[in-house]
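Inspection log for the structure reproduced underneath, given as structure tokens.
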Amino acid sequence: MAVLRPFDKLPKLNSVVLLLVGSDEALQQKLAEAILLEKRDFHISIHIAASLPLPSERDHLRPRIDLVVFMIDIKSKYSLKNVETSLAHVDASFFLGKVCFLVTGVGRVNACSIETNAISKLAEAYCSPVLFCELELEGIRVATAQRLLRMLQICAGHIPGVSPLSFVSLMRNSDDD
Amino acid sequence: MAEEAPEDGGTRTLPSLRRLSRALPFGRTHGRLGASSSGRPVVSALCSQESVDPQKTAFLLRKAWTLYSVTPLYRFRRARLRDYARLLSAFIAAERHRGLAVAVGAEMDIAVRLSSLAELRGTDLDQAALLVQLSSRSRASSRSSEDKPVWSGWFCSMFGDDLSENIPEDFTSLPLFLSHGAESYTALVGSWFQKTFDCCFRRLAISPQNLSWMVAMWAGCGLDTAASAVELVFSVPRLAQPLDIFYAIHPEDAKALWDTVQKTPGEITQEEVDVFMDCLYAHFHRHFKIHLSAAKLVKVSTAIASAHCDGIVKILHSQYLPGVLMLLTELAISQIQ
């Protein structure tokens with residue numbers, strides 16, 4: 001079974017690769033377009049998948065993936081289940097800062113079908129940061145795109161001195177102190 | 001249970017479901033309140049020995065009530081109910097003269113009655129429920145026996161200790177408001193209360209997650225009489241033509257399923273509710289290949305009560321009235337806080 005591994009391919013020069021995994025394709029497209037609109041001086045390629053594992057036929061054509069973003073829609077329990085089953089197909093060394101959970105749809109509090117406790121337990125179990133956003137609002141979509149782009153640069157090693165392992169600081173809840 | 005702090009700009013904090021981790025007083029035995037030591041939300045049973053007179057509360061049953069959450073009322077005096085009724089009817093008459101006509105056939109006078117329902121409360125710390133009734137009286141006869149009720153609404157607090165403990169003096173805590181009747185009357189009565197007691201009314205919407213708690217709790221209650229089916233209504237978003245899915249389950253099957261899922265009688269955890277709903281979704285998927293977990297749960301109805309996500313409930317059984325009201329009070333309190 002094709003398991004995503006972070007370091008089994010060589011990186012390309014001056015380029016970053018993002019993989020978005022989620023059950024809502026329209027939302028993934030919106031986010032991808034927002035990211036592509038950002039000003040940058042490197043090449044970016046965004047891959048969109050409904051679930052993992054990725055089809056193994058095209059594996060040799062696929063570049064090395066720098067950051068995997070799992071998108072969970074708070075209005076749909078199915079998206080959470082989808083993400084949970086996909087997580088099994090990611091190699092453990094990816095979870096050293098190269099995986100991020102993106103929870104969308106938080107603007108509509110009255111439509112939530114998932115308990116936030118379940119999401120935080122998932123994030124703790126997989127040692128990865130969680131970002132909450134509402135992609136229907138343009139301002140937040142742009143801000144989320146900027147954040148993801150920054151994380152992507154760090155994961156690809158483009159920022160000297162900052163490693164993706166430092167993303168663990170994004171996970172600290174202020175209540176913990 | 002940790003509250004989630006929003007990590008991205010501009011998002012709202014999601015309501016903590018710790019609020020819902022409380023009692024299930026459907027005639028079960030005493031249990032403990034609050035979270036278990038492992039921090040999981042645990043719902044325990046409360047002994048519900050309410051001597052709720054079925055006759056007095058019969059008018060509450062089988063009506064579709066619209067839910068609102070109300071912030072505490074300032075300087076509300078129970079002794080002055082008659083004065084308040086007079087003021088409210090004067091206010092309504094004045095609004096109608098101003099041209100904010102409420103009903104066709106404006107030859108009717110509106111008579112207002114405020115009364116207290118002492119039985120509808122959880123503990124002695126709760127305030128007794130307050131009932132507001134508007135009835136139309138034709139000008140031809142002034143006998144009150146000919147009044148036709150046109151609108152009724154009531155404030156209630158059932159085990160709302162969390163809110164009433166911490167409020168300062170002079171404030172009365174009645175966080176749940178239910179109304180039945182024309183929306184225009186609700187607006188009039190609401191604006192009078194807001195002006196007089198400096199409170200704030202907000203429509204109480206019920207999220208799909210809370211609806212699944214309700215169906216799990218209510219489906220598990222045994223009723224001796226022939227019960228109606230447990231029905232779930234889903235709406236599928238973002239299609240060319242909106243699709244509604246009605247999923248009806250035989251009440252005994254639903255109860256049997258819940259009995260296998262629930263581990264400790266008198267306690268409900270979020271995991272058990274999730275397992276219960278997942279079983280229902282998996283069964284539907286096996287037959288129809290549709291993932292109900294991706295659709296939005298819009299309405300649930302059981303033999304005990306039915307609830308719609310827009311905040312409309314109908315209570316069908318007086319025995320479980322305190323339990324349902326307690327759940328709704330919790331939702332109202334969590335919306336206020």
Side-chain angles (χ1 to χ4, degrees), chain A residues 22-27 73-82 84 100-121 123-124 129-148 167 169-176, chain B residues 1-21 35 39-41 67 202-213 234-238 269-271 273-274 277-278 280-282 285 290-298 308-311 331 334-335:
Chain A
S23 54
D24 191 340
E25 205 192 308
L27 222 51
D73 188 356
I74 203 133
K75 302 193 285 284
S76 150
K77 253 176 150 179
Y78 174 67
S79 63
L80 183 62
K81 290 252 151 27
N82 186 30
E84 281 171 355
C100 163
F101 293 100
L102 187 68
V103 180
T104 67
V106 298
R108 293 184 199 283
V109 171
N110 287 326
C112 78
S113 300
I114 304 179
E115 213 202 5
T116 43
N117 211 25
I119 298 176
S120 63
K121 274 205 231 149
E124 255 177 61
V130 188
L131 297 180
F132 292 87
C133 69
E134 172 56 83
L135 292 178
E136 309 278 337
L137 296 176
E138 197 185 321
I140 301 179
R141 196 164 61 224
V142 168
T144 311
Q146 286 171 346
R147 284 185 93 166
L148 286 178
F167 287 147
S169 65
L170 278 180
M171 291 164 43
R172 277 176 60 87
N173 203 334
S174 51
D175 291 345
D176 287 346
Chain B
M1 225 172 95
E3 215 117 324
E4 291 307 314
E7 302 219 9
D8 207 14
T11 59
R12 296 167 56 189
T13 311
L14 297 166
S16 157
L17 261 261
R18 164 186 57 203
R19 287 267 128 232
L20 215 51
S21 62
R40 282 183 323 160
L67 300 175
R202 261 179 68 198
R203 215 33 219 267
L204 184 65
I206 310 180
S207 71
Q209 194 177 357
N210 293 339
L211 285 176
S212 39
W213 267 90
F234 294 85
S235 102
V236 183
R238 280 197 290 235
T269 63
Q270 176 68 44
E271 284 88 3
V273 174
D274 285 340
M277 297 305 288
D278 286 343
L280 297 179
Y281 293 156
H285 178 70
I290 295 180
H291 287 284
L292 282 179
S293 45
K296 180 178 176 198
L297 179 56
V298 159
H308 189 278
C309 66
D310 287 339
L331 288 180
S334 69
Q335 185 168 287

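Predicted model, so just to flag it, every value in this text is computed and none were measured. A note on names: the letters A, B, ... follow the listed sequences, proteins ahead of strands, and every chain is numbered from 1.
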Out of curiosity, [X] [atom1] to [Y] [atom2], how far, rounded to the nearest 0.5 Å?
| X | Y | atom1 | atom2 | result |
| --- | --- | --- | --- | --- |
| B:Arg203 | A:Asn110 | CZ | CG | 11.0 Å |
| B:Trp213 | A:Glu115 | CH2 | CD | 8.0 Å |
| B:Ser207 | A:Ile114 | OG | CD1 | 11.5 Å |
| A:Cys112 | B:Gln209 | SG | CD | 5.0 Å |

*asked:* Restricting to salt bridge (charged side-chain N to carboxylate O under 4.0 Å, His left out), what partner residues turn up for A:Lys75, sequence neighbours left out?
replied: A:Asp73
*Counterpart residues, salt bridge (charged side-chain N to carboxylate O under 4.0 Å, His left out), relative to A:Glu136 (two or more places apart)*: A:Lys30
*Who wins among B:Gln335, B:His291, B:Met277 for the most heavy-atom pairs under 4.5 Å with chain A?*
B:His291
*Heavy-atom contact with chain A under 4.5 Å, split by part of B:Leu297*: neither
*Contacting moiety of B:Asp274, where chain A heavy atoms sit under 4.5 Å*: both
*Most chain B-contacting option - heavy-atom pairs closer than 4.5 Å, from A:Ala26, A:Gly139, A:Ser76, A:Ala118*: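 Going by pairs under 4.5 Å, I would pick A:Ser76.
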_Within 6.0 Å of CD in A:Glu25, more than 12 heavy atoms from elsewhere_ =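 Result for CD/A:Glu25: open.
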What part of [X] lies closer than 4.5 angstrom to a heavy atom of chain B: side chain, backbone, both or neither?
| X | answer |
| --- | --- |
| A:Ser79 | neither |
| A:Asp24 | side chain |
| A:Ile119 | neither |

_Test side-chain contact (heavy atoms from CB on, under 4.5 Å) on A:Lys77 and B:Asp278; report intermediate values, then the result._
CA-CA 10 Å; A:Lys77 253 176 150 179; B:Asp278 286 343; 4.1 Å; yes
